[in-house]
Amino acid sequence: MRVGMGYDVHKLTAGRKLILGGVTIPYEKGLLGHSDADVLLHAIMDALLGAAAMGDIGKHFPDTDDSYKGASSIELLKQVGGMLEEACYMIENIDATIIAQRPKMREYIDEMEKNISEALSIEKDQINIKATTEEGLGFTGSGEGIAAQAVCAVSSMYEHMSGNMAESGCSSCGGCQKK
């Protein structure tokens, strides 16, 4: 079992959509960033990549690459899921927190979990999203930005296989390079 942690923050600004967990949330401001600036998905991607020792989203989707300008973070999350599958990692669970004074997130969390579940081809009960305020303190509390933290656990297919199967390669995912 391997554990990864991710953190992301983006500034709130006028003239942008607020997208969190792949959900467009009605609000007077959105998050500023090279992609759609979905801080929740960015934190989750960094946690997953970290658990698999594959770097971070800046390595795989750099903000210096114009092909990622305005990119959908849910599509990037699908790519991260594919990278983990190729390396024969299974996602055990994801636990994430959105840190924002406003807007209130509760009514959108179920849809966020559904989007993440579908993007990663895992069960919804493997994902827990929650939101909190910072009681008016700091940049999130003053409404200048939104942050997100995520923790995940992944395990190698090899942890789930018998010794003979592990020696001959991973037949479960088809993409393993390990032998």
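Bear in mind that the values here come from a model prediction, so they are computed numbers and not experimental data.
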Requested in this report: Determine the minimum heavy-atom distance between Met105 and Leu20, stating which atoms define it.
Outcome: CE-CD1, 3.4 Å

Query raised in the report: If every non-hydrogen atom of Lys124 is compared with every non-hydrogen atom of Glu113, which pair is closest and at what distance?
Result: CE-CB, 3.7 Å

Query raised in the report: Cluster question for you: counting only ILVMFWY and a side-chain heavy-atom cut-off of under 4.5 Å, with indirect links fine, are Ile99 and Ile116 together?
Result: no

Query raised in the report: Leu84, Ile57: one ILVMFWY side-chain cluster at the under-4.5 Å cut-off?
Result: yes

Query raised in the report: What's the verdict on side-chain contact (heavy atoms from CB on, under 4.5 Å) for Met45 and His60, showing C-alpha distance, side-chain angles and the deciding distance?
Result: CA-CA 10 Å; Met45 286 186 278; His60 296 281; over 6 Å; no

Query raised in the report: Side-chain heavy atoms under 4.5 angstrom apart, residues restricted to Ile, Leu, Val, Met, Phe, Trp, Tyr: same cluster for Leu40 and Ile19?
Result: no

Query raised in the report: Does the side-chain contact (heavy atoms from CB on, under 4.5 Å) test come out yes or no for Ile94 and Asn128, once each step is laid out?
Result: CA-CA 6 Å; Ile94 297 168; Asn128 185 61; over 6 Å; no

Query raised in the report: Take atom NZ in Lys130; do more than 12 heavy atoms of anything else shown fall under 6.0 Å from it?
Result: yes

Query raised in the report: Closest approach of Ala43 and Ala148, non-hydrogen atoms and distance?
Result: CB-O, 3.6 Å

Requested in this report: Decide whether Val9 and Ile98 are clustered together by the hydrophobic rule: side chain heavy atoms of Ile, Leu, Val, Met, Phe, Trp, Tyr closer than 4.5 Å, transitively.
Outcome: no

Query raised in the report: Do Tyr89 and Met157 have side chains that get closer than 4.5 Å, going by heavy atoms?
Result: no

Query raised in the report: With a 4.0 Å cut-off, would you call Lys114 and Glu111 a salt bridge?
Result: no

Report summary line: When rounded to the nearest 0.5 Å, the distance separating OH of Tyr27 from CG of Leu12 is 6.0 Å

Report task. Measure across Ile25 and Pro103 and return the closest heavy-atom pair with its distance rounded to 0.1 Å. Result -> CG2-CG, 4.0 Å

Query raised in the report: Backbone N or O of Glu123 within a donor-acceptor pair of the Gln126 side chain at under 3.5 Å?
Result: yes

**Report entry** Backbone N/O of Val39 and side chain of His10: donor-acceptor pair under 3.5 Å
**Finding:** no

Report summary line: Rounded to the nearest 0.5 Å, the CG atom of Asp110 sits from the CD1 atom of Ile127 at a distance of 11.5 Å

Requested in this report: Could you walk me through whether Met112 and Val23 pass the side-chain contact (heavy atoms from CB on, under 4.5 Å) test, one step at a time?
Outcome: CA-CA 6 Å; Met112 292 176 193; Val23 177; 3.8 Å; yes

Please report, to 0.1 Å, the donor-acceptor pairs under 3.5 Å made by any side chain of residues 139-146, with sequence neighbours excluded.
from   : atom 1 : to     : atom 2 : distance (Å)
Thr140 : OG1    : Glu134 : OE1    : 2.2
Ser142 : OG     : Gly138 : O      : 3.3
Ser142 : OG     : Phe139 : O      : 3.3
Ser142 : OG     : Glu144 : OE2    : 2.7

Query raised in the report: Would you call Met90 and Glu92 a side-chain contact if the rule is heavy atoms closer than 4.5 Å?
Result: yes

Query raised in the report: In terms of hydrophobic clustering (I, L, V, M, F, W, Y; side-chain heavy atoms under 4.5 Å; direct or indirect links), are Leu49 and Ile44 co-clustered?
Result: yes

Query raised in the report: Does the Asp38 side chain pair with the main chain of Gly22, one donor and one acceptor, at a distance under 3.5 Å?
Result: yes

**Report entry** Pair Gln149-Thr97, side-chain hydrogen bond (donor to acceptor under 3.5 Å, both in side chains): steps then yes or no
**Finding:** CA-CA 5 Å; Gln149 299 175 343; Thr97 305; 5.3 Å; no

Report task. Give the minimum heavy-atom separation between Ala47 and Gly6, together with the two atoms involved. Result -> CB-N, 3.6 Å

Query raised in the report: Once you round to the nearest 0.5 Å, how far does OG of Ser156 lie from CE of Met1?
Result: 11.0 Å

Query - Selection residues 7-33 - residue pairs positive for salt bridge (Lys or Arg N to Asp or Glu O under 4.0 Å), sequence neighbours left out - result: none

Query - CG-OH distance between Leu18 and Tyr108, expressed to the nearest 0.5 angstrom - result: 9.0 Å

Query - Audit row: Thr13, Leu31, side-chain contact (heavy atoms from CB on, under 4.5 Å) steps and yes/no - result: CA-CA 6 Å; Thr13 188; Leu31 294 170; over 6 Å; no

Query raised in the report: Which heavy-atom pair separates Glu75 from Lys78 by the least distance, and what is that distance?
Result: OE2-NZ, 3.1 Å

Query raised in the report: If you measure from CG on Leu120 to CG on Leu48, what distance do you get to the nearest 0.5 Å?
Result: 6.0 Å

Query raised in the report: How many angstroms lie between CG in Asp36 and NZ in Lys69, if you round to the nearest 0.5 Å?
Result: 12.0 Å

